[in-house]
Amino acid sequence: MSKILLEIDGKEVKAKPGMTILDAAKSVGISIPTLCHHEALEPFGSCRLCTVEVDVRGWTSLVASCVYPVAENIVVRTRSAKVDRIRKMILELYLAHAPDSFELQDLAQEYGANRDRFEKEASFCIHCGLCVRYCAEVKQKNAVGFVDRGARKEICFIPEIAAKECWDCKECFPLCPTEALQAAYVLSQALFTPRPVS
Ligand code: FES
């Protein structure tokens, strides 16, 4: 299979057609932070934390590396003042939703993000969709989904399915970058588990 030659952080990289910039970077040991990406799932491109700078024939743009396909002779910078500024801002926005997330706090430290920059709206969910997509794509159960839209969007377990499928599974729990998922599960358990009649 023909290889695609590109440059990432000054390194010449030989990538396979169909790879994303994130895949290509990983193949040469360059790590790019992600929140909504999972190897077993279709790329989603929602969190934008994986943003990198790409030069294509002299034109520079910012792209989400988890969905952007490799192309011949592009030049990628995974860290730059612009990239770091964007990641810092994204983390500050997410920290307004999930201020106690350890994963976000670690990343915030790396990018100098201020946990208190934006007013707290502690919904705890950052809409990465990992739980929803893992349950649908890998487990094929659709026990968890999104409800509502925009700022009111949140994850919710579907009680009829969750009651049958989730107790022995919970494989989505460790994927959650915040504590939102466990909280939603506990809540749905509390609301929908039938209580013994006394
Ligand atoms: Fe690329 Fe979330 S990891 S957009």
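Computed from a predicted model, the values in this text were never measured in an experiment. Atoms within each ligand, like the ligands themselves, are counted from 1 in listed order. Just so it is clear, the values below take in all heavy atoms, side chains as well, and ignore hydrogens, waters and symmetry mates.
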inquiry  = Would you say I8 ends up clustered with M19 if hydrophobic residues are merged whenever their side chains have heavy atoms under 4.5 Å apart, either directly or through other cluster members?
reply    = yes

task = Pick one of side chain, backbone, both or neither for how S46 approaches ligand 1, counting any non-hydrogen atom pair under 4.0 Å.
result = backbone

query = Short list, please: which atoms of ligand 1 are under 4.0 Å from a heavy atom of C66?
reply = 1 (Fe), 3 (S), 4 (S)

Salt bridge flag under 4.0 Å for residues E171 and K141 = no

message = Suppose I only count heavy atoms of C47 and a 4.0 Å limit; which atoms of ligand 1 are within that range?
response = 2 (Fe), 3 (S), 4 (S)

ask   = Taking the inter-plane angle between the rings of H127 and H97 on a 0 to 90° scale, is it parallel (under 30°), tilted (30 to 60°) or perpendicular (over 60°)?
value = tilted

task = Report yes or no: does C50 have an N/O/S atom closer than 2.8 Å to atom 1 (Fe) of ligand 1?
result = yes

message = According to a hydrophobic-cluster definition based on side-chain heavy atoms being under 4.5 Å apart (Ile, Leu, Val, Met, Phe, Trp, Tyr only), do V52 and L49 belong together?
response = no

query = Quick one: which ligand 1 atoms are inside 4.0 Å of a heavy atom on H37?
reply = 3 (S)

inquiry  = Within the 4.0 Å heavy-atom shell around T34, which atoms of ligand 1 are there?
reply    = 3 (S)

request  = Answer yes or no as to whether an N/O/S atom of C36 is found below 2.8 Å from atom 1 (Fe) of ligand 1.
outcome  = no

inquiry  = Using a 3.5 Å distance criterion without hydrogens, assess whether the side chain of H38 forms a donor-acceptor pair with backbone atoms of Y134.
reply    = no

message = Looking only at protein heavy atoms, which one is nearest to atom 4 (S) of ligand 1, and what is the separation?
response = R48 N, 3.1 Å

inquiry  = Using side-chain heavy atoms (C-beta onward) and a distance below 4.5 Å, is T78 in contact with S65?
reply    = no

